[in-house]
Amino acid sequence: MKYIIGALISLCVFLPLPIHTSKALYASEDNNASKTKKPNIILLLADDLGYTDLGSYGSEISTPVIDALASKGIRFTNYHTAANCSPARAMLMTGVNNHSAGVGNIRETRPDATRKMPAYDGVLSHRTVTIATLLQDNGYNTYMAGKWHLGQTPDKLPFNRGFHRTFSLGDSGADNWEDRPYIPLYKEANWYADGKPADLPDDFYSSEFLVDKLIEFIDSDLEGGKPFFGYLPFQAVHIPIQAPQNFIDKYMGKYDAGWHALRQSRLKGAIDQGIVPANTKMNEMSTTLNWESLSEGERRYEAKRMAVYGAMVEAMDHHLGRLIQYLKDRGEYDNTIFIFTSDNGTHSSGRDNQQSGLLTRLSNRRTGYTSEYNTLGLQGSYNAISLSFASASASPLSYYKFYTSEGGMRVPLIISGDLVKDKGRISDAFSFATDITPTILDIVGAPRPSDIYAGRRIEKISGNSLVPVLQNKMVKVYPEEQPVAYELAGNSALFMGDYKIRHLRSPIGNNEWQLFNILKDPGETEDLKTIQPLQFQRMLSAYELWAKEAGVYEVPESYGNHIRQLLLNTLVMNRNSIISLILLMLILLPFGVYWRMKSKD
Ligand SMILES: O=[N+]([O-])c1ccc(OS(=O)(=O)O)cc1
């Protein structure tokens with residue numbers, strides 16, 4: 001009897017308590033309804049933004065809005081992502097490693113032999129569940145405006161992957177001024193509004209329009225009283241690099257001293273900001289040309305291409321400022337957590353001396369773009385920065401996008417808002433793109449999904465929550481021994497503790513594995529492979545095990561590089577190109593026959 005009375009008393013005491021398996025960090029101690037509302041989450045994603053392209057990471061580019069987020073939050077200096085676009089987006093959206101999420105490479109550059117492999121589908125697998133779906137199921141309104149690039153069949157569009165309202169781009173990129181494709185691979189720019197093909201307005205400029213759209217979505221539903229998740233993947237600073245004239249004017253003359261000078265000033269800026277150690281060394285980049293060897297006209301041209309790049313970053317920051325002001329005006333700012341990052345390192349397909357580049361001229365002939373100096377960055381102009389300036393944008397890191405050197409994989413990450421303790425802090429904890437989804441779940445107090453979600457078997461989230469670091473309760477996100485591996489088209493990396501092994505294919509790398517202490521040596525200048533052979537072997541074994549489990553495809557020598565593969569895939573995927581090729585062969589045939597006959601005579 002006494003046990004029954006005891007059990008009844010316990011029930012009376014404990015029943016009124018809410019049962020939290022994972023308590024929302026924002027649930028307030030008192031019963032004030034407005035304070036118990038879960039926080040809004042805004043995930044801001046720049047495209048191809050380099051490690052030191054923000055003022056708060058050492059840049060000369062003016063980014064006061066993002067820097068203000070940093071001063072009210074935390075800057076991660078050792079955050080890594082995929083070296084390429086959709087693999088990074090797959091990890092960000094799901095917390096699952098990109099191979100397990102079906103995006104071992106982007107669809108546009110995957111080798112032919114991988115087309116039927118589940119790890120290389122190139123679109124987001126239904127074996128994953130997105131953070132948007134998880135938030136929707138936890139009482140959030142979910143909105144997205146920007147580049148998706150994770151699939152374009154109806155079931156793969158963001159509208160059917162957890163977002164209530166969307167304005168999304170299906171392709172790898174698009175023009176920033178009008179409704180047109182940016183490379184011959186695409187017949188048109190594939191924009192969708194709430195899952196249906198959509199047109200762009202006449203006064204379109206990408207950063208301005210996408211911010212307006214997100215504001216429109218948030219504004220439409222605020223009365224619903226639900227918290228919201230807003231995903232804003234900008235087109236800035238993806239190719240074609242384009243910006244309004246008034247922003248370009250501010251950067252004219254800023255890059256006249258060339259890429260060597262910029263690389264040095266970014267290193268100094270990063271050291272001054274506390275982003276990298278004071279004794280950080282830099283590599284000589286094998287793809288960086290001697291600035292002095294350029295003619296005056298070439299230098300003038302390269303400097304302007306980079307000026308447009310700076311302008312495009314600042315324009316993004318400016319329009320982001322309008323979103324922040326809107327949230328302040330609506331009284332939502334204080335209850336919003338902002339996450340700002342980039343999908344991968346600086347883009348690197350722009351060739352030096354582009355003005356006279358045959359490929360650019362051929363491509364421009366197909367697309368109707370011009371790359372004239374006077375109109376660079378404006379409507380109708382195709383612009384990209386050179387490999388040499390790309391290295392400077394990632395400075396003091398090595399190389400850029402597509403490569404598993406730090407310049408391809410290490411980018412800014414800022415998390416800002418009320419829950420960050422000791423604001424303005426910098427963390428050098430290693431962190432990875434798969435950490436963003438579990439961090440958001442942790443912030444809102446939602447559990448991680450189990451291996452079956454909505455009746456489907458799903459891949460396990462592999463990332464860790466950054467919340468203990470945000471709260472200044474822990475300094476590391478990963479235990480010393482936990483490996484994090486990555487591969488893209490034969491360029492690979494594995495991180496463990498303060499160390500990284502990387503494999504870079506030639507001609508950028510030497511086709512061999514190397515070992516670096518990336519905490520002390522972010523520039524990857526000293527290969528420790530022979531000095532610490534045990535550490536190296538341990539990491540290499542961990543990589544080999546992971547690669548087997550993840551279904552990594554070993555690319556053959558013939559893969560060449562992503563640009564060659566993009567051209568090949570353009571020919572395969574674009575029927576018009578094939579017809580053009582056949583026509584060209586038919587035209588050349590009589591000349592060939594004539595030449596053969598003549599050489600026989
Ligand atoms: O030059 N390429 O090979 C290339 C250019 C852009 C691009 O877009 S991405 O953002 O999807 O990586 C992909 C490949």
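Counting starts at 1 for both ligands and their atoms, in listed order.
Of all the atoms in ligand 1, the ones that sit under 4.0 Å from a non-hydrogen atom of Ser172 are 8 (O), 9 (S), 10 (O), 11 (O). Within the listing of ligand 1, atoms 5 (C), 6 (C) sit less than 4.0 angstrom from a heavy atom of His347. Below 4.0 Å from some heavy atom of His149 lie the following atoms of ligand 1, by number and element: 11 (O). Ligand 1 places these atoms under 4.0 Å from at least one heavy atom of Cys85: 9 (S), 10 (O), 11 (O), 12 (O). Heavy-atom contacts of Ile106 reach the following atoms of ligand 1: 11 (O), 12 (O), 13 (C) (cutoff under 4.0 Å). Residue-ligand proximity, His562 to ligand 1, at heavy-atom distances under 4.0 Å covers atoms 2 (N), 3 (O). Which parts of ligand 1 touch Tyr182 is read off a 4.0 Å heavy-atom cut-off, strictly below it: atoms 6 (C), 7 (C), 8 (O).
Geometrically, ligand 1 and Asn84 share a nitrogen or oxygen pair separated by less than 3.5 Å. Residue Lys401 places at least one N or O, backbone or side chain, under 3.5 Å from an N or O of ligand 1. For ligand 1, the polar-atom distance check against His238 finds a nitrogen or oxygen pair separated by under 3.5 Å.
You'll find the ring centres of Tyr192 and Trp148 outside the 6.0 Å limit. Residues His99 and Tyr486 place their aromatic rings such that the two centres sit no closer than 6.0 Å. Less than 6.0 angstrom separates the ring centroid of His318 from the ring centroid of Phe247.
Proximity of Glu108 to ligand 1 is not established, as no heavy-atom distance is less than 4.0 Å. The shell of residues lying under 4.0 angstrom from ligand 1, judged by heavy atoms, includes Lys147.
Using a 30° and 60° split on the angle between ring planes, Phe204 and Trp191 fall in the perpendicular class, above 60°. Relative orientation of the His238 and Tyr182 rings is perpendicular, given thresholds of 30° and 60° on the angle between their planes.
At a heavy-atom distance under 4.0 Å, no atom of Gln565 approaches ligand 1. Contact annotation for Ile183 and ligand 1: no heavy atom of the residue comes within less than 4.0 Å of the ligand.
Taking 4.0 Å as the cut-off between side-chain N and carboxylate O, Arg502 and Glu524 count as a salt-bridged pair.
In terms of modelled atom types and a separation under 3.5 Å, the side chain of Arg410 and the main chain of Thr77 share a donor-acceptor contact.
With a 4.5 Å cut-off on side-chain heavy atoms, Thr375 and Thr370 count as touching.
Between the side chains of Asn364 and Ser371, at least one donor N or O sits under 3.5 Å from an acceptor N or O.
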